[in-house]
2 protein chains.
Amino acid sequence: MVGEPGRNRRIPEAIVVRLPVYQRILAELLRGGTATVSSEELATRARVNAAKVRKDFSLLGWFGTRGTGYDTAYLATQIDRALGAARDWPVAIVGIGNLGRALAGSEGFSSHGFRVAWLFDADPSVVGHVVGSTRVAHVDELPAMLGAAHPAIGVIATPAVAAQQVADLLVAAGVPSILNFAPRLLTVPGEVLLRSVDLSIELQVMSFHLQQADGDLRRPAHWP
Amino acid sequence: MVGEPGRNRRIPEAIVVRLPVYQRILAELLRGGTATVSSEELATRARVNAAKVRKDFSLLGWFGTRGTGYDTAYLATQIDRALGAARDWPVAIVGIGNLGRALAGSEGFSSHGFRVAWLFDADPSVVGHVVGSTRVAHVDELPAMLGAAHPAIGVIATPAVAAQQVADLLVAAGVPSILNFAPRLLTVPGEVLLRSVDLSIELQVMSFHLQQADGDLRRPAHWP
DNA sequence: TCCTGTGAATCGCTTCACAGCT
DNA sequence: AGCTGTGAAGCGATTCACAGGA
């Protein structure tokens, strides 16, 4: 563990969520050859307040130079380290439908240290296929295959009805964190990290706002 | 527009995001034949504080019965109405790779009033295919096809590099809201609703926490 | 008694504003 | 002069705690 100042504080979730955004901007700046960047510049690009940017970095113990700004490369390295991008995170994906395939092939996985090491599905017609460079195994083999190995992250991309069952399997196999894409509230033991992404929630929030706007503002002439 | 009390207040985003969660729980309770539900019961299932549940509903002008709880069916109806689930929301999806297909086929779309009415892709080998019951058109046809019709929501499921360009097309075609899945910060005019879902951010937040836990707690014996 | 509805207290994040370093 | 680092104020959401209706 490194000894930067601020390293032992608890870091607010709100900041953690912004780190990947900063990281993406810094990567872009680095490609453009920018050596230093001001909080103002970063803030504009990330669409946040400049004070927030400074407070974020300060809380994490990363410092800039007064009068100049932050060292782009240094900042990028620090964020990579904080996010664990330098490490190798083996991932198991369960549910190799369209979503599972999309995840397996996504840049978001291949970069940032995530390595798709296992694929599972319950459908015999999918088992045996090779997606990317990984063979799809039957979900019944999951306990045996993951029992000895230790994936860092289990991804659930199954239909809602199978999600809890799969979560239980992953937990039993000792997987320490689960990313769930099935539209279902899951129950896992407290020591297991669980995050959920729910498409339908995003859509519904959107239609809520559309509905609001529609009531307040004019209604388009034709709405097929 | 209906005349419930509290209807003309501005509703905090934090509440809107919880509505789909409540809705899912209520649907489940209804299937089980539960006629009334207490804030405590809902709170436990949604993993939030009971006072929050009561405050949410009270702010939206929906009331329960003291000593008894809330009417399950009534609550479900109100949430559906608030979220616009009773209406028809035509959706256009751009980018018919694995992610686009997953979205087109997802339950999250088909239920809740979302109707996938247009599919677009830039790859000639994909154009002409039928996904679900909709034919994939070339993205060059987008302006013509969406210019007269009015999709409520445009979904971007393209690679990052094409995302801004597609967003511009959708905006020009008069699409009032965009749901973006490409890992890119998009710029759209202020009157266009924009929400983004970024897979890689979810993953990175997860590896941040794993890294933290790994520093604090014991390290598993083998981490392949 | 049970459970809602809500004012008041609290919490945590955001923003302001400015002292201080380069 | 320019830009960071940060105390203090501000603000929105959460939680407490209890009055009051069924």
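Protein chains get the first letters and strands the later ones, always in sequence-line order, with residue 1 at the start of each.
Across the interface with DNA chain C, nearest-nucleotide mapping of B:Phe57 and B:Gly67 shows B:Gly67 to be the residue nearer the 5′ end. Comparing B:Gly69 and A:Val48 along DNA chain C, the residue whose closest nucleotide (by nearest heavy atom) sits nearer the 5' end is B:Gly69.
With distances taken from any side-chain atom of B:Ser39 to the nucleotides D:dG5, C:dG5, C:dT4, the minimum falls on C:dT4. Each of D:dA8, D:dC16, C:dG5 was ranked by its minimum atom distance to the side chain of B:Ser58; first place goes to C:dG5. Out of C:dC21, C:dT14, C:dT6, the shortest distance to the side chain of A:Arg66 is found at C:dC21. Nearest nucleotide to the side chain of B:Lys55, out of C:dA8, D:dA8, D:dA13: C:dA8.
Going from atom CG of B:Asp71 over to atom P of C:dT4 covers 13 Å, rounded to whole Å. When rounded to the nearest whole Å, the span between CG of A:Leu75 and C1' of D:dT4 equals 13 Å. As rounded to whole Å, 12 Å separates atom P of C:dT14 from atom CD of A:Glu13. One interatomic measurement links the two molecules: CG of A:Asp56 to P of C:dT14, which rounds to 7 Å at whole-angstrom precision. The distance between atom CG of A:Asn49 and atom P of D:dT4, rounded to the nearest whole Å, is 12 Å. Atoms CD (B:Glu41) and P (C:dT4) sit 11 Å apart, rounded to a whole Å. When the P atom of C:dT4 is taken as reference, atom OH of B:Tyr74 falls 15 Å away, rounded to whole Å. At whole-Å resolution of the value, CZ in B:Arg10 and C1' in D:dA13 are 11 Å apart.
Residue A:Ser38 places none of its side-chain N or O atoms closer than 4.0 Å to OP1 or OP2 of D:dC3. For B:Thr65 and C:dT4, the shortest distance from a side-chain N or O to OP1 or OP2 is not below 4.0 Å. Checking the phosphate oxygens (OP1, OP2) of D:dG7, no side-chain nitrogen or oxygen of A:Arg54 falls inside 4.0 Å. OP1 or OP2 of D:dA13 has not a single side-chain nitrogen or oxygen of B:Arg18 nearer than 4.0 Å. Within the 4.0 Å cut-off from OP1 or OP2 of C:dT22, not a single side-chain nitrogen or oxygen of A:Thr68 is found.
Heavy atoms only, all atoms of each residue included: A:Val175 and A:Pro151 are closest at CG2-CG, 3.8 Å. The minimum heavy-atom distance between A:Leu193 and B:Leu210, with the atom names listed, is CD1-N, 3.9 Å.
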Fill in: side-chain contact (heavy atoms from CB on, under 4.5 Å) between A:Leu146 and A:Phe120, intermediate numbers included
CA-CA 11 Å; A:Leu146 300 189; A:Phe120 298 100; 4.1 Å; yes
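Under the 4.0 Å criterion applied to side-chain N and carboxylate O atoms, B:Glu41 and B:Arg45 are assigned as salt-bridge partners.
Counting heavy atoms from C-beta outward, A:Leu103 and A:Leu179 have side chains that stay 4.5 Å or more apart.
Within the nucleic acid shown, B:Tyr70 comes within 4.0 Å of sugar-phosphate atoms alone, with no base atom in reach, counting heavy atoms only.
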